[in-house]
K.L.:
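Here's a structure for you.
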Amino acid sequence: MAGRLIDDDAALAHRHALAAARRAGRIAVVRETVGVTAYAMGEFELALRELRTYRRLSGKDDQLPLMVDSERGIGRPEKALELGRSVPRATLDPAVQVALAIAMSGARLDLEQPEAALTELQIPQLDPERAFSWSPALFDAYATVLEDLGRDDEAEQWWQRSDRATIALERAAIPEGEDTVEIIEELLDDDASEQAAAEAGAETDTDAEPDAR
């Protein structure tokens with residue numbers, strides 16, 4: 001129920017998660033759900049505590065980005081950066097690496113370090129040639145930092161890449177187990193846009209790693 005409700009009613013989802021925690025508080029996924037729903041409500045201290053417990057019970061680092069962002073929410077960007085550096089990036093799934101890079105970039109912006117924020121996002125997954133499930137969020141974050149740096153022309157290019165990636169992912173019939181499609185790079189007229197996006201979606205990249213999510 002928490003999973004069904006979180007996008008529409010985070011508070012109700014959180015109440016379901018708490019009910020589960022009262023009955024099965026030593027189960028990792030239960031504590032994870034409490035932490036995620038607390039994060040969705042902006043209850044960052046509770047989210048951090050619950051996600052730490054989930055991490056201890058499960059031995060997994062897949063919620064590290066939310067933990068980093070929760071440290072930011074509490075007002076501790078330095079602690080957020082320290083936490084984000086505590087795990088080798090190579091040990092994380094690609095989608096988690098992307099989410100962590102975005103959270104770390106946000107912490108740099110909190111510290112008024114836009115150049116460092118941009119560097120945090122310059123990871124192998126920042127690939128303008130292909131659209132992964134994580135690409136729109138990563139492209140948006142990169143464009144935002146470029147705007148903060150006053151590099152508006154470059155920012156606009158990445159906003160456009162984000163739009164094209166979103167269209168390609170929405171329209172592509174991606175086979176199960178794959179999560180990437182080719183991106184059409186050139187600017188398109190309205191009438192040609194839908195057709196080109198569909199063609200881009202049809203050319204799936206069979207060598208891409210599947211998204212862990």
K.L.:
In Å, rounded to the nearest 0.5 Å, how long is the span from CD of E71 to CG of L83?
P.N.:
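The CG atom of L83 is 6.0 Å from CD of E71, to the nearest 0.5 Å.
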K.L.:
Can you get from L12 to V36 by hopping between Ile, Leu, Val, Met, Phe, Trp and Tyr side chains that sit under 4.5 Å apart?
P.N.:
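L12 does not cluster with V36.
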K.L.:
Does R56 form a salt bridge (charged side-chain N to carboxylate O under 4.0 Å, His left out) with E32? I'd like the steps, not just the answer.
P.N.:
CA-CA 11 Å; R56 185 174 67 252; E32 178 186 27; over 6 Å; no
K.L.:
Which Ile, Leu, Val, Met, Phe, Trp or Tyr residues join M41 in one cluster when any pair of side-chain heavy atoms under 4.5 Å counts as a link?
P.N.:
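Cluster partners of M41: none, it stands alone.
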K.L.:
Determine whether more than 12 heavy atoms belonging to other residues, nucleotides or ligands lie under 6.0 Å from atom CD of E45.
P.N.:
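No, not enclosed.
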K.L.:
Could you check if a side-chain atom of D62 sits within less than 4.5 angstrom of a side-chain atom of Y54, using non-hydrogen atoms only?
P.N.:
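Yes, at least one pair of side-chain atoms sits under 4.5 Å.
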K.L.:
Between A143 and W158, which heavy-atom pair has the shortest distance, and what is it?
P.N.:
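Reported closest heavy-atom pair: CB-CB, 3.9 Å.
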K.L.:
For the pair R85 and E78, find out whether any cationic side-chain nitrogen is under 4.0 Å from an anionic carboxylate oxygen.
P.N.:
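Salt bridge between R85 and E78, a charged N being under 4.0 Å from a carboxylate O: no.
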K.L.:
If every non-hydrogen atom of A2 is compared with every non-hydrogen atom of T33, which pair is closest and at what distance?
P.N.:
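Residues A2 and T33, closest heavy atoms: CB-CG2, 3.6 Å.
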K.L.:
In the hydrophobic cluster built from side-chain contacts under 4.5 Å, what are the other members alongside V34?
P.N.:
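Result for V34 is L18.
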K.L.:
Side-chain heavy atoms under 4.5 Å apart, restricted to Ile/Leu/Val/Met/Phe/Trp/Tyr: what other residues fall into the cluster of V29, or is it alone?
P.N.:
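Its cluster partners, ordered by chain and number, are I27, V30.
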K.L.:
Taking D127 for the side chain and E129 for the main chain, is one N or O donor matched with an acceptor at less than 3.5 Å?
P.N.:
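Checked: pair present.
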K.L.:
Salt bridge check: are E50 and R31 linked by an N-O gap of less than 4.0 Å?
P.N.:
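R31 and E50: salt-bridged.
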K.L.:
Between V68 and V87, is there shared hydrophobic-cluster membership here, with clusters defined by ILVMFWY side-chain heavy atoms closer than 4.5 Å?
P.N.:
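As far as the 4.5 Å side-chain criterion goes, V87 and V68 are connected within one cluster.
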K.L.:
Report the distance from atom NZ of K60 to atom CG of L92, rounding to the nearest 0.5 Å.
P.N.:
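Rounded to the nearest 0.5 Å, the NZ-CG separation comes to 13.0 Å.
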K.L.:
Grouping I, L, V, M, F, W and Y whenever their side-chain heavy atoms are under 4.5 Å apart, do L46 and L57 come out in a common cluster?
P.N.:
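No; L57 is not reachable from L46 via cluster members.
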K.L.:
Please tell me if the side chains of Y142 and E154 come closer than 4.5 Å, counting only heavy atoms from C-beta onward.
P.N.:
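No. Closest side-chain heavy atoms not under 4.5 Å.
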K.L.:
Which atoms form the tightest heavy-atom contact between L100 and P65, and what is the distance?
P.N.:
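Distance-wise, the nearest heavy atoms are N-CG, 3.5 Å.
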K.L.:
Taking all non-hydrogen atoms of both residues into account, name the closest pair between L169 and S133 and its distance.
P.N.:
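L169 and S133 have their closest heavy atoms at CD1-CA, 4.1 Å.
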K.L.:
Could you check if a side-chain atom of F139 sits within less than 4.5 angstrom of a side-chain atom of L126, using non-hydrogen atoms only?
P.N.:
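Of all side-chain heavy-atom pairs linking L126 with F139, at least one is under 4.5 Å.
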K.L.:
Side-chain contact, heavy-atom cut-off 4.5 Å: V96 with W134?
P.N.:
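Of all side-chain heavy-atom pairs linking W134 with V96, none is under 4.5 Å.
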K.L.:
Closest approach of L81 and A107, non-hydrogen atoms and distance?
P.N.:
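Heavy atoms only, the tightest pair is CD2-CB, 3.8 Å.
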K.L.:
Do side-chain atoms of S105 reach the backbone of I102 as a donor and acceptor pair under 3.5 angstrom?
P.N.:
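Side chain of S105 to backbone of I102, a donor-acceptor pair under 3.5 Å: no, none is there.
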K.L.:
Are the side chains of W159 and T144 in contact, using a 4.5 Å heavy-atom criterion?
P.N.:
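A side-chain contact under 4.5 Å exists here.
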K.L.:
For residues Y39 and M1: do they belong to one hydrophobic cluster (side chain heavy atoms under 4.5 Å, members Ile, Leu, Val, Met, Phe, Trp, Tyr)?
P.N.:
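Cluster IDs for Y39 and M1 differ.
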K.L.:
Heavy-atom distance under 4.5 Å between the side chains of M67 and R55, does that happen here?
P.N.:
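Counting from C-beta outward, M67 and R55 do come under 4.5 Å.
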K.L.:
Show your reasoning for whether side chain to side chain contact (heavy atoms under 4.5 Å, CB included) applies to R49 and E43.
P.N.:
CA-CA 10 Å; R49 183 171 70 245; E43 299 287 344; over 6 Å; no
K.L.:
Is there a donor-acceptor pair closer than 3.5 Å between any side-chain N or O of Q113 and the backbone N or O of R108?
P.N.:
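No; judged by distance alone, with no hydrogens or angles, the pair does not exist.
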K.L.:
Would you call E147 and R151 a side-chain contact if the rule is heavy atoms closer than 4.5 Å?
P.N.:
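No, their side chains stay 4.5 Å or more apart.
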K.L.:
Quick test of your reading of the model: are R164 and E170 salt-bridged, counting only N-O distances below 4.0 Å?
P.N.:
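Here R164 does not pair with E170 in a salt bridge, since their nearest N and O are not under 4.0 Å apart.
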K.L.:
Determine whether R171 and I167 make a side-chain contact, defined as any pair of heavy atoms from C-beta on separated by less than 4.5 Å.
P.N.:
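Touching, per the 4.5 Å side-chain cut-off.
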K.L.:
Minimum heavy-atom separation for L109 and P114, please, with both atom names.
P.N.:
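Looks like CD2-CA, 4.0 Å.
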